[in-house]
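Here's a structure for you.
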Amino acid sequence: MVQPTEESALIAMSGGVDSSVAAALTLRWGGRCQGVTMRLYNNSTVGQSQFHTCCSEHDVDDASQVAFQLDIPYSVVDYTVDFRAKIIDKFVRIYEAGGTPNPCIDCNRYMKFDRLLRYADEKGLSRVVTGHYARICWDEERGRWLLKKATDESKDQSYVLYMLTQEQLSRIRFPLGEMTKEETRAVARELGFCNAAKHDSQDICFVPDGDYAAFMERYTGKRYPEGDFLDLSGQVVGRHRGAVRYTLGQRKGLGLAMGEPVYVCRKDMAANTVSVGPNEALYARTVLVGELNWIAIPALTAPMRVKAKLRYRQREQWATLSPEGDDLVRLTFDQPQRAATVGQAAVFYDGDIVVGGGTITDVPPEEENGGVLPSC
């Protein structure tokens, strides 16, 4: 391991405009800089050779061209084995178990801010820089590093960064945290970057067409069998095309004529059934959250009022956090929330500060959810 210099940075460069501008801004701050692109998978591995995805040769070309223009060292590191084991395989397991995974959060946890910090250590670099829209600051009173929302909340990515530890936060920098996307593109145009007008990447990079069930069948070699649609009383109302193809709250593509709109309310993967019901049956006030990471506090020892959200694009809602055990909390919303889903992240906020977050492990049934609305 090389002894790190005080101000030196490993810059994660995806080939997109955000990471390219982050690299340019970091260089202006001074210190030794090096760019790196993580090769996370090959298109042929995930059966997407006809699509332009991240990790493509085009992205590597864009990133290397920007690095050349900035006159900084640049390399490509191959993490395909880790990505397959920790991200793709977990993605498949959670869907097959009936949950809904969030691979972007897992990628941040295991790849961007674990592997890259270790790689920075190998190169003697003190920081890791990415193009995320979020802010990090030191709070003297708390004696803790804090993660905050981006100034431009329309681009805020704090939801997918809640898993960052204190040690990681101390070494990470987000140069775009106080910028808008248009300001970022303006810097890229000013510098003449080849990717100034490049589109943002897909939410799930290895499923760019959005058909995750087809991806899973290609990847695993399995065919997920048809089964019964049930109503909430357990009566068969039709046939589905494989339970993994449906997500909680889904309405489109069910192919059911029941006289009124119905939505996916529950999946029994062992029985291979999908239960449908009215929109009202999707609401619940309480979820249990595990695999916790605390940022603004060392731990939750008493009930706490927060705002929380269960999906990336959701606006935060008032709720109460209550400790349930060593690594479990009960999150009770003031108002019932639609389609809370096992496997998704719940992130807790105090204003623009991320208190912490975790993974939804259970949505208790109606009697435990206050009996506000029918539960699924």
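Position 1 is the first residue of the sequence, and the numbers go up from there.
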Candidate pair Arg239 and Asp228, rule salt bridge (charged side-chain N to carboxylate O under 4.0 Å, His left out), full reasoning: CA-CA 5 Å; Arg239 295 285 289 175; Asp228 289 331; 2.9 Å; yes

Between the side chain of Arg241 and the main-chain N/O of Leu254, is any donor-acceptor distance below 3.5 Å? no

Does NZ or CZ of Arg313 come closer than 6.0 Å to the centre of the six-membered ring of Tyr159, within 45° of the ring's axis? no

Measure the CG-CG distance between Leu176 and Leu25 for me, rounded to the nearest 0.5 Å. 6.5 Å

Taking the basic N atoms (NZ, or NE/NH1/NH2) and the acidic carboxylate oxygens, is any pair closer than 4.0 Å for Asp362 and Arg330? no

Any side-chain heavy atom of Val276 within less than 4.5 Å of one from Leu256? yes

Single-linkage hydrophobic cluster, 4.5 Å side-chain cutoff, Ile204 and Tyr41 together: yes

Heavy-atom pair of closest approach, residues Pro225 and Asn272: O-ND2, 3.2 Å

Search all heavy atoms of Thr26 against all heavy atoms of Cys33 and return the closest pair with its distance. CG2-SG, 3.8 Å

Would Arg305 and Asp334 satisfy salt bridge (charged side-chain N to carboxylate O under 4.0 Å, His left out), going step by step from the backbone distance to the final call? CA-CA 10 Å; Arg305 291 288 286 170; Asp334 290 6; 2.8 Å; yes

Val264, Ile94: one ILVMFWY side-chain cluster at the under-4.5 Å cut-off? no

Would you call Lys155 and Lys181 a side-chain contact if the rule is heavy atoms closer than 4.5 Å? yes

Say you draw a straight line from CE of Met13 to CG of Asp62; how long is it, rounded to the nearest 0.5 Å? 9.5 Å

Salt bridge check, Glu7 against Arg127: does any charged N sit closer than 4.0 Å to a carboxylate O? yes

Hphob cluster co-occupancy, Val17 + Ile72, side-chain heavy atoms under 4.5 angstrom: yes

Any donor-acceptor N or O pair under 3.5 Å, side chains Asn279, Arg251: no

Are the side chains of Leu125 and Tyr119 in touch, meaning some heavy atoms are under 4.5 Å apart? no

Could you go through the salt bridge (charged side-chain N to carboxylate O under 4.0 Å, His left out) check for Glu122 and Arg118 one step at a time? CA-CA 6 Å; Glu122 294 172 10; Arg118 283 190 273 159; over 6 Å; no

Under the 6.0 Å and 45° cation-pi test, does Arg285 pair with Phe333? no

Under a 4.5 Å cut-off applied to non-hydrogen side-chain atoms, are Leu321 and Pro303 in contact? no

Cation-pi, Tyr246 ring and Lys267 (6.0 angstrom, 45 degrees): no

Once you round to the nearest 0.5 Å, how far does CD of Gln250 lie from SG of Cys265? 11.5 Å

Sub-6.0 Å ring centroid separation between Phe215 and Phe206: yes

Do Thr320 and Met304 come close enough that some side-chain heavy atom pair is under 4.5 Å? no

Hydrophobic cluster membership, Val21 vs Trp29, 4.5 Å side-chain cutoff: no

Check: Arg144 side chain, Ile295 main-chain N or O, donor-acceptor pair, under 3.5 Å: yes

If only atom types and distance count, is the side chain of Asp114 paired as donor or acceptor with the main-chain N or O of Arg109 below 3.5 Å? no

Step-by-step side-chain hydrogen bond (donor to acceptor under 3.5 Å, both in side chains) determination, Tyr79 to Arg84: CA-CA 9 Å; Tyr79 292 152; Arg84 179 168 184 153; over 6 Å; no

Measure from the side-chain N and O atoms of Asp211 to the backbone N and O of Ala214, and report whether any donor-acceptor pair falls under 3.5 Å. yes

At their closest point, which heavy atom of Phe193 faces which heavy atom of Ala24, and how far apart are they? CZ-CB, 4.1 Å

Expected output: side-chain Thr100 to main-chain Gly343 donor-acceptor under 3.5 Å: no

From Thr359 atom OG1 to Leu288 atom CG, the distance as rounded to the nearest 0.5 Å: 12.5 Å

Answer with yes or no whether the side chains of Ser20 and Asn195 bring together a donor and an acceptor at under 3.5 Å. yes

Identify the two heavy atoms, one from Leu40 and one from Cys107, that lie closest to each other, and give their separation to 0.1 Å. CD1-SG, 3.9 Å

Going through the checks in order, is the ring pair (Phe, Tyr, Trp, His ring centres under 6.0 Å) test met by His240 and Tyr224? CA-CA 11 Å; His240 66 67; Tyr224 296 105; over 10 Å; no

More than 12 heavy atoms of other residues, nucleotides or ligands under 6.0 Å from CD of Glu182: is that the case? yes

Check side chain to side chain donor-acceptor pair (under 3.5 Å) between Ser322 and all other residues, then give those that pass, not counting sequence neighbours. none

Hey, any chance Leu300 and Leu292 share a hydrophobic cluster, counting ILVMFWY side chains that come within less than 4.5 Å of each other, even indirectly? yes

Without swapping roles, check the side chain of Asp231 against the backbone of Gln235 for a donor-acceptor pair under 3.5 Å. yes

Applying salt bridge (charged side-chain N to carboxylate O under 4.0 Å, His left out) to Arg245 and Glu217, what does each step give before you reach the verdict? CA-CA 11 Å; Arg245 299 182 185 276; Glu217 289 188 332; 3.0 Å; yes

Output the distance between atom CD (Glu316) and atom NZ (Lys309), rounded to the nearest 0.5 Å. 5.0 Å

Just by distance, do the side chain of Asn293 and the backbone of Tyr162 share a donor-acceptor pair under 3.5 Å? yes

side-chain contact (heavy atoms from CB on, under 4.5 Å) with Leu248: of Val342, Thr341, Val363, only one passes, and it is Thr341

Backbone N or O of Leu191 within a donor-acceptor pair of the Gln69 side chain at under 3.5 Å? yes

Are the side chains of Thr37 and Ser14 in touch, meaning some heavy atoms are under 4.5 Å apart? no

Going from CZ on Arg171 to CG on Leu164, what distance comes out if it is rounded to the nearest 0.5 angstrom? 13.0 Å

Thr130 and Ala12: which non-hydrogen atoms are nearest, and at how many Å? CG2-CB, 4.1 Å

Could you tell me whether the side chain of Arg185 and the main chain of Ala196 form a donor-acceptor pair under 3.5 Å? yes

Are the side chain of Asp350 and the backbone N or O of Ile353 linked by a donor-acceptor pair below 3.5 Å? no

Under 4.5 Å between any side-chain heavy atoms of Thr151 and Tyr133, yes or no? no

Atom of Gln344, atom of Pro101 and distance for their closest heavy-atom approach: NE2-O, 3.1 Å

Test ring pair (Phe, Tyr, Trp, His ring centres under 6.0 Å) on Tyr95 and Tyr212 and set out the steps. CA-CA 9 Å; Tyr95 262 124; Tyr212 65 87; 4.1 Å; yes

Less than 4.0 angstrom from a charged side-chain N to a carboxylate O is my criterion; do Lys148 and Asp156 meet it? no

Are the side chains of Met163 and Gln168 in touch, meaning some heavy atoms are under 4.5 Å apart? no

Arg315: which residues meet the side-chain contact (heavy atoms from CB on, under 4.5 Å) condition with it, sequence neighbours left out? Gln317

